Amino acid sequence: MTVLSTWVSQTWAMMAASAPWLLFGFLLAGGIHVLVPVGQVSRHLGARGLGGVLKACLVGLPLPLCSCSVIPVASSLRKRGAGRGATAAFLISTPESGADSIAVSYALLGPFLAIARPLAALITALVAGWLIHWSETGDAEAGESTTNEPEAPCCSSGGCGDAANGEGGLIGALRFGLVEMFSDLAHWLAVGFLLGGLLGAVLPNGYLEQHVGNGVGPMLIMLIVGLPMYVCATSSTPVAAALIAGGLSPGAVLVFLLAGPATNVATVMVVLRDLGHRALVVYVASISIVAVASGVCTNLLLESSVIVESTPPD
């Protein structure tokens, strides 16, 4: 009974801390939906080359698309002439970040990780996109795109994958952010909060630090766990907060937050089909290497800041 009551209290505490920031994130996502319709993205990001990769990264970061609803948008980019590098960059930057996930990250993980998370997502997308672009410069990309766009399995209403719903202005923003997007993510958020509360209830403070450690090893474990999993950027945040409370290093948690959203099975299959075997290898390798490097840098920065703060003045 103690575990159950602790589970409930931990879950409620996470939900209460996240609620205002989730509301802000959903409202911001609705505004982005109206101002930057997803239906227009493919027409503006069709440029090939490194410029297209950079645009795909910057446009993808704030877009309110989950890990599966980004698939038809990215496939549409490819159909409309976007290069392999730009398509891959969009597939990485969009699900790894987003207005809603940044807001809830600030609430549950603090300002440092709220900034480090989208920054690492941007770097990951740039590295993967540019490497794929350079590795494919000798290939003829014309005519290789697909004609069938995969459906987004987790978007029940279709709102998160289709911004062209005919509504604009304040009403359209509120409808998308508070109705369509919430209905699409509500069950994933519920799972995330329940799992985060359960981990907080069964993992004593410092348990993972004592039994797993704080080096590169835990980051590799989180990478292996995150790569095949389907996790939304927003719903994975409560789990990340519980892992940190249990003693897992912020760097290892960042690896999980970067690897999971961009490498679920559906995305991997689309990369293989639309971009090819070589691009898939570069795609997964780039995410893995940059995620671990970001985790190492995160731990080093946090450790150095703690040392500076704890050093008494002369």
Side-chain angles (χ1 to χ4, degrees), residues 21 25 28-29 32 36 38 41 45 50 52-71 73-74 77 85-133 160 185 192 219 222-223 225-227 229-237 239-241 250-264 267-268 271 282-299 301:
W21 294 98
L28 184 59
I32 293 172
V36 188
V38 176
V41 170
L45 296 185
L50 300 183
V53 172
L54 180 59
K55 289 181 181 179
C57 293
L58 295 177
V59 171
L61 276 179
L63 282 182
L65 298 177
C66 67
S67 300
C68 59
S69 61
V70 70
I71 292 175
V73 181
L77 272 174
T87 305
F90 188 82
L91 273 170
I92 294 172
S93 66
T94 307
E96 283 189 346
S97 185
D100 52 330
S101 65
I102 293 173
V104 76
S105 294
Y106 184 88
L108 294 181
L109 304 178
F112 184 89
L113 284 180
I115 296 173
R117 186 178 184 180
L119 180 60
L122 174 62
I123 294 173
T124 306
L126 284 174
V127 169
W130 285 345
L131 287 177
I132 290 174
H133 169 74
C160 62
L185 292 180
M219 299 181 193
M222 288 295 99
L223 180 66
V225 170
L227 282 176
M229 285 183 63
Y230 171 77
V231 289
C232 280
T234 304
S235 60
S236 63
T237 307
V239 178
V253 168
L254 181 61
V255 172
F256 172 73
L257 292 174
L258 293 174
T263 56
N264 62 79
T267 301
V268 167
V271 172
V282 176
Y283 182 90
V284 175
S286 299
I287 292 173
S288 302
I289 294 172
V290 177
V292 173
S294 299
V296 172
C297 292
T298 294
N299 284 348
L301 288 173

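This structure is a prediction, so every number in the text was calculated from the model and none was measured.
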- Message: Would you compute the distance between atom CH2 of W130 and atom CG of L54 and round it to the nearest 0.5 angstrom?
- Response: 6.0 Å

- Query: What pairs with P250 under side chain to side chain contact (heavy atoms under 4.5 Å, CB included), at least two apart in sequence or on another chain?
  - Reply: L113, T298, N299, L302

- Query: Once you round to the nearest 0.5 Å, how far does CG of L126 lie from OG of S93?
  - Reply: 8.5 Å

- Query: Looking only at heavy atoms, which two atoms of F90 and A56 are closest? And how far apart?
  - Reply: CD1-O, 3.8 Å

- Query: To the nearest 0.5 Å, what is the distance between CG (L257) and OG (S105)?
  - Reply: 6.5 Å

- When rounded to the nearest 0.5 angstrom, what distance separates CG in L254 from CE in M222? 12.5 Å

- Message: Could you work out, with side chain to side chain contact (heavy atoms under 4.5 Å, CB included) as the rule, every residue matching I115, not counting sequence neighbours?
- Response: none

- Given side-chain contact (heavy atoms from CB on, under 4.5 Å), test I287 with V127 step by step and report yes or no. CA-CA 9 Å; I287 292 173; V127 169; over 6 Å; no

- What pair of heavy atoms forms the shortest contact from G129 to A89, and how long is it? CA-CB, 4.3 Å

- Task: Go through the structure and list residues passing side chain to side chain contact (heavy atoms under 4.5 Å, CB included) with V282, not counting sequence neighbours.
- Result: L131, I132, S286

- Query: Which residues pass the side chain to side chain contact (heavy atoms under 4.5 Å, CB included) test with I102, sequence neighbours left out?
  - Reply: S97, P118

- Any residue meeting side chain to side chain donor-acceptor pair (under 3.5 Å) with T237, in chain and number order, not counting sequence neighbours: R117

- Query: Under a 4.5 Å cut-off applied to non-hydrogen side-chain atoms, are V239 and V253 in contact?
  - Reply: no

- Would you name the heavy atoms of A259 and L223 that are closest together and state the gap between them? CB-CD1, 3.9 Å

Less than 3.5 Å apart, which donor and acceptor atoms pair up between the side chains of residues 288-296 and the rest of the protein, not counting sequence neighbours?
from, atom 1, to, atom 2, distance (Å)
S288, OG, V284, O, 2.8
S294, OG, V290, O, 2.7

- Query: Any idea which heavy atoms bring A120 and L258 closest together, and the distance?
  - Reply: CB-CD1, 3.7 Å

- Message: Quick check: closest heavy atoms across A262 and Y283, and the distance to 0.1 Å?
- Response: O-OH, 2.7 Å

- How far does CG of L122 sit from CG of L58, to the nearest 0.5 angstrom? 6.0 Å

- Message: Give me the atom names and distance for the closest heavy-atom approach of I92 to A121.
- Response: CG2-O, 4.3 Å

